[in-house]
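Start at 1 and go down the list; that is how both ligands and their atoms are numbered.
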Amino acid sequence: MEDNTRKKMKITVLGVRGSIPTEGKDMLEFGGATSCILVEAGDQAIFLDAGSGIISAPDIGEKQISVLITHPHLDHILGLPFFPYIFKDCKISIYSPKRDDTAISEQVEKYLSPPLWPCRISDYPSEVALFDAELPIKIGDVLVEGIPSIHPGGGTVYKLTYEGKSLVYATDYEHDEDRIGELIGFSKNTDLLFYDSQYTDEEYETHRGYGHSTAKWGMRVMKESGAKMLRFVHHDPGHTDEFLRRMEAEIKSEVCSFARRGEVIVL
Ligand SMILES: [Zn+2]
Ligand SMILES: [Zn+2]
């Protein structure tokens, strides 16, 4: 029986487009904003990635703000300079594991500094702290774990656990027969799996090594891990609403779908 006293984790999809933002009337249903998922748990608001989706962050009240960056490719940090809370008098903690021995501060400042951007992160009104996360860590009552992703330049697959429920965020992940077991084990019995399915099986054949995967591999991870729900993310910028709906129809599963911007899931 469901425990009604248990505190819930609220997940809001703010951006699921991969690689670069898109726009157009045939992209409205899934949205054109790049990677960002908001997880609200207790007094914490944790943003997974800071793609252009983070620009439409909703009102999170007095919650403490954290941003977990999977990797510093532009589509995952693009929204930071326009993150609404960066303009407010508040504290923001940004976490990411070191990449090739490069601190997260250096990774972010490479983008947020002249000549690529007119100002630095320290010039904004908020107080931003950047941490080289050595996982696992606790953010409030949320346990944050990670495994390495399979992606050019590396990346992190995060797992967030709160009040007995968990989600796994496996974006910018390319399947590999020899290493898929690690992700399956990491996702064991998770309540919600986000999985990179940028390509159709056919498209994947000409995009090997790009660091992205397919819905078929996501289904495999879900089945073998016992994950209860699956949302595909990192939609290819060329895939229209109609195309994505067609890909979705081929899956024929009530617990799997392609994530849509604005979708809310409560665990
Ligand atoms: Zn990406
Ligand atoms: Zn990437």
Quick one, D49 and I69 - any side-chain contact, counting heavy atoms below 4.5 Å? yes
Please tell me if the side chains of V142 and M9 come closer than 4.5 Å, counting only heavy atoms from C-beta onward. no
To 10°, measure the NE2(H76)-the Zn ion (ligand 1)-OD2(D172) angle for me. 90°
When you measure from the Zn ion (ligand 1) to the N, O or S atoms of H73, does any of those distances fall below 2.8 Å? no
Nearest to the Zn ion (ligand 1) - the N/O/S atom of D75, by atom name: OD2
Decide if atom NZ of K98 counts as having more than 12 heavy atoms of other residues, nucleotides or ligands within a radius under 6.0 Å. yes
H71, N/O/S atom nearest the Zn ion (ligand 2): NE2
Do K7's NZ or CZ and the ring of Y162 fall within the cation-pi criteria of under 6.0 Å and 45°? no
